[in-house]
Amino acid sequence: MDSVLFDPKILENIDFQPAECHYNPPINAINPGEDLVLRPLRISDYDNGFLENLEQLTDVGKVSKEMFEDSFKRMKSSDGLYYVIVIENLVSERVIASATLLIEQKFIHACGLRGRIEDVVVNSSYRGRQLGKLLIDALALLSKQLGCYKVTLDCRDEKRGFYESLGFKKEDGNSNFMQIRFH
């Protein structure tokens with residue numbers, strides 16, 4: 001059995017009703033598009049293009065299968081701190097998009113939790129299909145469902161408008177630090 005980073009039911013249970021954005025044509029976590037599936041990262045995604053897709057975002061470096069599997073196992077054993085989601089093309093069996101939600105335990109906000117979205121990337125041949133919006137919505141709503149008091153991300157200047165359209169607001173004094181406060 002292929003090991004998954006977290007229970008797939010967590011994604012199935014996300015309530016998309018409070019989402020800030022709308023999809024045209026309609027897509028969602030259960031049906032992200034024809035021949036596509038949104039799911040947790042699998043340990044086998046090393047061979048399914050996960051790292052190659054991340055290369056479209058930043059320099060990944062040389063990551064051996066052993067390094068990938070060790071990192072995967074550490075993330076999996078972290079007791080719900082890492083949520084890496086991917087969109088897979090079922091025909092090619094390749095990862096074509098991914099994003100990560102990190103959960104940070106804080107002392108502030110009554111020892112609350114903060115979500116942080118990182119490493120959002122959609123393969124260049126799949127851009128314009130609302131998949132980035134879907135990844136961000138899924139992780140922002142998941143962070144709320146997990147009890148986070150806010151979810152944050154850093155972005156490039158040219159991406160601020162995109163994140164603002166999804167309900168993120170920039171923090172005063174820091175133009176690239178975006179957040180959604182839940183309470």
Side-chain angles (χ1 to χ4, degrees), residues 1-45 48 50 53-54 57 72 75-90 93-106 109 111-123 126-155 159 162-169 178-183:
M1 173 99 183
D2 195 11
S3 181
V4 294
L5 191 59
F6 61 91
D7 185 350
K9 286 184 175 56
I10 292 172
L11 292 176
E12 295 168 14
N13 293 329
I14 295 174
D15 177 12
F16 272 81
Q17 293 302 323
E20 289 281 329
C21 62
H22 301 283
Y23 298 90
N24 187 14
I27 62 170
N28 57 45
I30 304 300
N31 183 15
E34 186 175 345
D35 297 324
L36 301 178
V37 64
L38 178 97
R39 60 168 176 77
L41 181 70
R42 294 179 187 149
I43 201 161
S44 62
D45 286 330
N48 297 338
F50 175 71
N53 194 60
L54 278 178
L57 177 68
F72 182 96
M75 289 177 180
K76 185 174 175 72
S77 68
S78 73
D79 197 28
L81 299 180
Y82 293 91
Y83 296 87
V84 181
I85 60 174
V86 302
I87 298 176
E88 176 188 2
N89 179 310
L90 295 171
E93 298 181 340
R94 303 296 289 174
V95 171
I96 55 95
S98 62
T100 300
L101 173 66
L102 305 169
I103 303 297
E104 180 183 3
Q105 179 69 60
K106 306 290 276 186
H109 295 279
C111 291
L113 301 173
R114 173 185 131 176
R116 182 164 179 82
I117 296 174
E118 295 274 349
D119 304 334
V120 179
V121 62
V122 175
N123 183 291
Y126 287 85
R127 293 183 187 150
R129 297 186 188 188
Q130 309 175 97
L131 299 176
K133 282 180 13 177
L134 183 62
L135 291 170
I136 297 298
D137 262 352
L139 293 182
L141 293 167
L142 177 58
S143 67
K144 183 177 183 180
Q145 180 178 301
L146 293 171
C148 294
Y149 65 90
K150 73 177 178 179
V151 62
T152 64
L153 56 82
D154 289 306
C155 67
K159 297 291 185 188
F162 169 72
Y163 289 110
E164 287 170 345
S165 76
L166 301 177
F168 284 83
K169 295 177 177 31
M178 310 287 290
Q179 65 181 340
I180 296 174
R181 288 195 170 270
F182 301 121
H183 45 83

*Asks:* For Lys106, check side-chain contact (heavy atoms from CB on, under 4.5 Å) against everything at least two apart and list the hits.
*Replies:* Glu104, Ile108, Arg114, Tyr149

*Asks:* With sequence neighbours left out, what residues match Gln179 under side chain to side chain donor-acceptor pair (under 3.5 Å)?
*Replies:* Lys150

*Asks:* Looking at Leu139, Thr100, Leu142, Leu101, which hits side chain to side chain contact (heavy atoms under 4.5 Å, CB included) with Ile85?
*Replies:* Leu139

*Asks:* Quick one: pull up CZ in Arg129 and CD1 in Ile87 and give me the separation to the nearest 0.5 Å.
*Replies:* 10.5 Å

*Asks:* In the structure I gave you, are the side-chain heavy atoms of Ile96 and Leu131 within less than 4.5 Å of one another anywhere?
*Replies:* yes

*Asks:* Determine yes or no for a side-chain-to-main-chain donor-acceptor pair under 3.5 angstrom, with Gln130 supplying the side chain and Pro25 the backbone.
*Replies:* yes

*Asks:* Closest approach of Met75 and Leu5, non-hydrogen atoms and distance?
*Replies:* CB-CD1, 3.7 Å

*Asks:* Return the set of residues passing ring pair (Phe, Tyr, Trp, His ring centres under 6.0 Å) with Tyr82 (not counting sequence neighbours), or none when no residue passes.
*Replies:* none

*Asks:* Which heavy atom of Pro8 sits nearest to which heavy atom of Pro40, and what is that distance?
*Replies:* CA-CG, 3.8 Å

*Asks:* Quick check for you: to the nearest 0.5 Å, what is the distance between Leu11 atom CG and Gln145 atom CD?
*Replies:* 9.0 Å

*Asks:* Of all the heavy-atom pairs spanning Val122 and Asn53, show the shortest one and how long it is.
*Replies:* C-OD1, 4.3 Å

*Asks:* Taking the side chain as every heavy atom from C-beta outward, state whether Lys144 and Val151 have any pair of such atoms under 4.5 Å apart.
*Replies:* no

*Asks:* What's the shortest heavy-atom distance between Gly132 and Phe162, and which atoms?
*Replies:* C-CZ, 3.9 Å

*Asks:* Could you list all the salt bridge (Lys or Arg N to Asp or Glu O under 4.0 Å) pairs where at least one residue sits in residues 23-33, not counting sequence neighbours?
*Replies:* none

*Asks:* Nearest 0.5 angstrom please: Ile180 CD1 to Ile117 CD1, how far?
*Replies:* 7.0 Å

*Asks:* Enumerate the residue pairs fulfilling side chain to side chain donor-acceptor pair (under 3.5 Å) with a member in residues 30-45, sequence neighbours excluded, ordered by first and then second residue.
*Replies:* Asp2-Ser44, Arg39-Asp45, Arg39-Glu88, Asp45-Asn48

*Asks:* Looking at residues at least two apart in the chain, or sitting in another chain, which of them share a ring pair (Phe, Tyr, Trp, His ring centres under 6.0 Å) with Tyr83?
*Replies:* Phe6

*Asks:* Name all residues meeting the side chain to side chain donor-acceptor pair (under 3.5 Å) criterion together with Glu118; count only those two or more places apart in sequence or in a different chain, and write none if there are none.
*Replies:* Arg116

*Asks:* Output the distance between atom CG (Leu36) and atom CG (Leu134), rounded to the nearest 0.5 Å.
*Replies:* 10.0 Å

*Asks:* To the nearest 0.5 Å, tell me how far Lys76 NZ sits from Leu41 CG.
*Replies:* 10.5 Å

*Asks:* Restricting to non-hydrogen atoms, name the atom on Phe72 and the atom on Val4 that form the minimum distance, rounded to 0.1 Å.
*Replies:* CZ-C, 3.6 Å

*Asks:* To the nearest 0.5 Å, what is the distance between CG (Leu135) and CG (Leu38)?
*Replies:* 6.5 Å

*Asks:* Tell me, please, which residues at least two apart from Leu113 pass side-chain contact (heavy atoms from CB on, under 4.5 Å).
*Replies:* Ile103, Gln105, Cys148

